[in-house]
Amino acid sequence: MGRLKRKKLTNALDRLLDKNAWKAEKERKAKALADNLEKAKRNQVKAKRASSDTLRTRPQLSSKDKILLVGEGNFSFARSLAENYLEEGSDNMIATCYDTEEVLYQKYEDAKDNVEFIREYGATVLFEVDATDLSKEVKKNRYTKIIFNFPHAGAGIKDQDRNVVANQKLLNAFFDSAAPLLTKASQGEIPATKSESRQVEEEIVPDGEIHVALKTCQPYNLWAIKSLVKAKGVLAVKGTAPFYPDDYPGYEHRRTLGFKKGTSVGKNAEIISAQPKNYIFVRKEVMDKENENSIKGSLKRQLEQKKLKMGKKVKRKKVQHNQSDDDE
């Protein structure tokens with residue numbers, strides 16, 4: 001066999017091997033996604049009953065949400081969302097952290113496994129993302145949920161007043177950077193036929209929300225997160241609710257400085273004891289519109305009640321009049 005023929009045969013064989021390897025990798029990823037989808041369905045978090053015996057609302061998160069996670073530690077929160085909430089895949093989730101990839105894996109030994117898992121499930125992972133100055137890659141999109149769990153400047157300042165100011169600066173800068181990236185509600189076109197209604201429903205985009213989870217004990221309550229938001233006048237408080245770590249199976253809170261066995265506290269004991277809350281913020285005009293609609297609705301109900309009472313009075317008068325006619 002000539003040298004040219006051998007070279008052509010070798011090249012053809014290499015291409016065939018590359019093609020087979022590509023197919024095998026594609027099949028492996030498809031199988032991993034199918035396995036994860038099945039696992040997600042099994043792990044779906046159900047609404048629970050709190051200690052007061054009132055029904056606890058399940059966090060409203062799904063694969064349709066455009067999700068941005070900032071300040072991730074070991075990426076266990078991102079993994080929990082992928083496993084328990086994003087049952088149609090995590091393609092719409094971007095999970096970010098402040099550290100470099102190398103430093104992250106040094107600080108949190110379980111981070112690499114979590115990162116690889118959510119990537120296989122379709123999520124985008126970005127390193128060296130500053131929550132106070134979000135990168136161009138992040139700014140290319142708009143998000144229905146921007147989530148920052150337990151933000152902390154991690155500056156190691158022991159003086160409480162200076163520590164509070166440092167973290168307030170962190171929050172203010174984060175809100176400035178994140179607020180312009182929130183989605184704005186769009187209703188889409190009204191479907192012409194019933195068969196088109198499902199397609200239009202999927203195109204509806206809600207107004208975006210910023211979620212910040214914080215401890216409520218000192219000094220965190222001194223950060224006055226609601227007052228910070230109100231003072232700026234760009235965002236408004238939509239609501240607050242207790243943050244339950246067990247709503248996110250597998251989630252393990254980690255401090256900014258890292259996790260060390262024997263010294264760091266595991267099983268979320270540190271945040272559970274601090275009675276954490278989830279603060280939800282939306283653009284101020286969204287909240288103003290909701291309040292305006294609420295007032296209009298209240299006035300409408302009052303008017304309907306008055307009409308109902310007037311109708312009952314008129315009916316009673318007619319009955320009384322008829323009775324007097326009968327007596328005559």
Side-chain angles (χ1 to χ4, degrees), residues 57-72 77-78 81-82 85-96 122-124 126 129-149 151 170-192 196-214 225-241 277-298 300:
T57 305
R58 180 180 186 270
Q60 300 300 300
L61 294 158
S62 75
S63 293
K64 291 180 182 179
D65 276 308
K66 309 288 185 184
I67 300 172
L68 172 64
L69 306 181
V70 301
E72 280 291 278
F77 183 80
L81 294 190
Y85 290 90
L86 312 182
E87 60 182 68
E88 295 177 25
S90 303
D91 299 74
N92 287 333
M93 180 169 73
I94 298 178
T96 73
T124 299
L126 300 176
V129 174
D130 186 348
T132 66
D133 185 18
L134 294 167
S135 63
K136 289 181 180 179
E137 184 71 18
V138 171
K139 287 179 178 178
K140 287 193 294 187
N141 303 297
R142 294 295 176 267
Y143 306 93
T144 58
K145 302 283 194 313
I146 299 177
I147 302 173
F148 198 172
N149 288 329
L170 166 70
L171 288 172
N172 272 329
F174 162 65
F175 288 132
D176 287 343
S177 192
L181 305 183
L182 293 174
T183 54
K184 293 184 179 180
S186 60
Q187 295 300 320
E189 296 179 358
I190 298 173
E196 295 176 16
S197 60
R198 181 175 175 80
Q199 182 181 352
V200 172
E201 183 184 349
E202 290 175 353
E203 292 173 356
I204 293 175
V205 177
D207 284 303
E209 300 175 349
I210 294 176
H211 292 215
V212 181
L214 276 183
I225 186 170
K226 288 184 178 182
S227 299
L228 291 178
V229 167
K230 288 177 182 176
K232 279 192 168 288
V234 177
L235 297 169
V237 181
K238 183 178 181 179
T240 61
K277 283 187 178 181
N278 190 41
Y279 297 84
I280 302 172
F281 305 97
V282 293
R283 295 192 320 280
K284 188 175 182 296
E285 58 263 32
V286 173
M287 210 62 228
D288 288 343
K289 189 175 180 181
E290 282 192 20
N291 291 335
E292 184 182 339
N293 290 339
S294 178
I295 292 170
K296 285 181 179 177
S298 178
K300 187 178 178 181

State whether the side chain of [X] and the backbone N or O of [Y] hold a donor-acceptor pair below 3.5 Å, judged by distance alone.
X	Y	result
Glu88	Leu86	no
Thr183	Gly208	yes
Ser90	Gly122	no
Glu137	Leu126	no
Asn92	Ser63	yes
Thr132	Leu170	no

Is there a side-chain contact between [X] and [Y] (heavy atoms, below 4.5 Å)?
X	Y	result
Leu214	Pro151	yes
Phe175	Ile210	yes
Leu182	Tyr143	no
Asn141	Lys66	no
Ile147	Phe77	yes

Residue list, side-chain contact (heavy atoms from CB on, under 4.5 Å) with Glu290, at least two apart or on another chain | Lys238, Val286, Met287
Could you pull out all residues at least two apart from Ala213 that satisfy side-chain contact (heavy atoms from CB on, under 4.5 Å)?
-> Asn149, Phe150, Phe243, Asn278
Write down the atom of [X], the atom of [Y], and the distance for their closest heavy-atom approach.
X	Y	answer
Thr240	Lys226	CG2-CE, 3.5 Å
Asp207	Arg283	OD1-NH2, 3.3 Å
Ser62	Ile67	O-CD1, 4.3 Å
Ala131	Ser177	O-CB, 3.9 Å
Thr96	Val70	OG1-CA, 3.3 Å
Lys284	Ala236	CA-CB, 4.0 Å

[atom1]-[atom2] distance between [X] and [Y], expressed to the nearest 0.5 angstrom:
X	Y	atom1	atom2	value
Asn172	Lys232	CG	NZ	4.5 Å
Phe174	Asp130	CZ	CG	11.5 Å
Leu61	Met93	CG	CE	10.0 Å
Leu171	Tyr279	CG	OH	10.5 Å
Leu68	Thr124	CG	OG1	10.5 Å
Lys184	Thr144	NZ	OG1	15.5 Å

